[in-house]
2 protein chains.
Amino acid sequence: MISRQKLLEAAAAVFAESGFRGATTRRIAEAAGVNEVTLFRLFGSKQQLMAEAFECVHPLLGNSLPDEPSADVEKELVAWATAHLDGMRQVRHMIRKTMAELEEHPEMTEFVCDAKTPYFQQLVSYATLLRRPATAAEREETRTACTMLSSALFADALGRDVVPTAYPSPPNTAARKYVKVFLKLLGIAPARPRRRVALGTGRAR
Amino acid sequence: MISRQKLLEAAAAVFAESGFRGATTRRIAEAAGVNEVTLFRLFGSKQQLMAEAFECVHPLLGNSLPDEPSADVEKELVAWATAHLDGMRQVRHMIRKTMAELEEHPEMTEFVCDAKTPYFQQLVSYATLLRRPATAAEREETRTACTMLSSALFADALGRDVVPTAYPSPPNTAARKYVKVFLKLLGIAPARPRRRVALGTGRAR
DNA sequence: CGTTGATGCAAGCACGTACTTGCTTGAATC
DNA sequence: GATTCAAGCAAGTACGTGCTTGCATCAACG
């Protein structure tokens with residue numbers, strides 16, 4: 001039964017490298033170190049192998065935002081954005097291939113869509129709790145800010161190695177920059193320059 | 001010589017629909033209404049046909065930002081962003097396919113990169129003239145804001161029809177929203193709610 | 001020991017794809 | 001009217017690709 005797992009992983013890897021058409025059953029079998037016939041015996045067809053292979057990649061993408069903002073909002077958001085960005089960077093080849101082949105393989109839509117949507121919704125909820133927008137305009141501005149943060153992470157993950165000039169911040173600090181700008185948009189001042197309350201070294205008066 | 005042009009256009013169209021591997025010489029010739037043999041007589045090989053086809057798509061993407069910001073900055077930026085977004089939306093299939101096949105066809109990199117880079121550089125120059133950032137931090141923040149605006153347009157063009165939930169603003173007003181947020185980031189107040197000077201309906205005192 | 005079940009190997013089938021060859025047509029040019 | 005030249009058509013070649021078949025191997029389990 002170990003051949004199954006090896007084939008699934010190889011299928012995902014070869015697909016990420018060459019897309020559906022380029023991921024031939026010969027290449028997948030070779031990458032898995034398994035005979036091509038075994039592939040068909042275990043999965044019946046290439047279609048079905050690929051379909052199963054997609055299920056296994058899902059849970060790779062970063063972690064979740066907490067339901068309630070904590071004391072150090074910036075730290076929390078930076079951690080989330082960094083993890084999210086790193087996760088997307090790791091599977092960027094897969095995402096690029098998937099997005100390119102949506103018309104030919106519509107069943108892949110859910111792979112991208114289901115993975116992305118909850119992250120965006122989480123961010124909107126979080127931002128709404130942070131800012132508590134009152135007017136409709138403020139609510140819309142908040143949503144737009146979320147779209148822009150989410151877009152920045154998406155575009156950075158997919159575009160940095162293609163158009164590096166459009167991403168001047170170094171890769172490891174980019175997420176922090178995006179979050180800072182996002183917080184400024186929401187009117188949340190950065191934690192650093194604000195007063196520190198009752199820490200051991202606090203000066204008297 | 002008209003067959004040449006028809007083949008070039010058909011090649012670009014079929015490539016945008018199905019990628020390099022999917023764009024078979026049969027399909028291209030059929031789409032062009034030309035015999036397949038003619039394709040090889042005129043271009044020698046599929047590779048060469050595709051290479052020439054790419055040259056013709058370049059100049060499609062929107063217009064330029066002026067060198068100097070004019071009086072109505074918001075209007076100017078909205079017009080630019082809208083045109084840029086529309087242009088990218090029109091060729092989004094092509095961009096998606098190209099980005100997915102960069103590893104296999106590295107010569108396409110310049111197609112994406114050369115098209116994108118100048119737009120970003122223009123935006124940075126424009127924003128720098130607008131805000132005149134003094135400190136290094138301000139300069140970096142300005143660049144990050146430019147990355148985020150440019151990322152928002154990019155992600156909207158490529159992602160809206162895939163993950164619509166992440167783009168709550170309707171397609172025709174989205175560019176305006178992004179620009180407004182961008183201007184707020186730069187500390188440029190929107191033109192509307194500020195004092196209006198010497199307009200007919202201005203109230204006395 | 002004999003059976004079973006997963007896997008490997010060699011070969012092949014049917015079809016699609018890039019590309020070629022040889023011949024015909026038909027309109028423009030001298 | 002003879003020549004030329006782009007284009008069509010039919011057929012074919014060599015190879016890649018999804019998938020099948022028949023048989024051998026080999027470890028696990030009763």
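Atoms NZ (Lys6(B)) and P (dG8(D)) sit 8 Å apart, rounded to a whole Å. The nearest whole Å value for the distance from the CG atom in Leu42(A) to the P atom in dA6(C) is 9 Å. Between Phe43(B) atom CZ and dT20(C) atom C1' the separation is 18 Å, expressed in whole Å. Between Met50(B) atom CE and dC19(C) atom P there is a gap of 12 Å when expressed in whole angstrom units. Protein atom CD1 of Ile2(B) is 15 Å distant from nucleotide atom C1' of dA27(C), rounded to whole Å. With rounding to whole Å, Leu49(B) atom CG is found 14 Å from dC19(C) atom C1'.
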Would you tabulate the pairs of protein nitrogen or oxygen atoms and nucleotide nitrogen or oxygen atoms of nucleotides 17-21 of chain D closer than 3.5 angstrom?
{"from": "dG18(D)", "atom 1": "OP1", "to": "Lys46(A)", "atom 2": "NZ", "distance (Å)": "2.8"}
{"from": "dG18(D)", "atom 1": "OP2", "to": "Thr25(A)", "atom 2": "N", "distance (Å)": "2.8"}
{"from": "dG18(D)", "atom 1": "OP2", "to": "Thr25(A)", "atom 2": "OG1", "distance (Å)": "2.9"}
{"from": "dC19(D)", "atom 1": "OP2", "to": "Lys46(A)", "atom 2": "N", "distance (Å)": "2.9"}
{"from": "dC19(D)", "atom 1": "N4", "to": "Arg26(A)", "atom 2": "NH1", "distance (Å)": "3.4"}

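Between Lys180(A) and Leu183(A), the closest side-chain pair of non-hydrogen atoms is not below 4.5 Å.
An OP1 or OP2 oxygen of dC9(D) is reached within less than 4.0 angstrom by a side-chain nitrogen or oxygen of Asn35(B). Residue Thr38(A) places at least one side-chain N or O under 4.0 Å from the OP1 or OP2 atom of dG8(C).
Contacts of Glu103(A) classified as salt bridge (charged side-chain N to carboxylate O under 4.0 Å, His left out), with partners at least two apart in sequence or in another chain: Arg96(B), Lys97(B). Evaluation of the salt bridge (charged side-chain N to carboxylate O under 4.0 Å, His left out) rule for Arg26(B) yields Glu36(B) as partners, not counting sequence neighbours.
When all heavy atoms of Leu185(A) and Lys184(B) are compared, the closest pair comes out as O-NZ, 3.2 Å. Taking each heavy atom of Arg160(A) and Ala174(A) in turn, the nearest pair found is NH2-CB, 3.5 Å. Summarising the geometry of Phe20(B) relative to Lys46(B), their closest heavy-atom pair is O-NZ, 2.9 Å, with the distance given to 0.1 Å.
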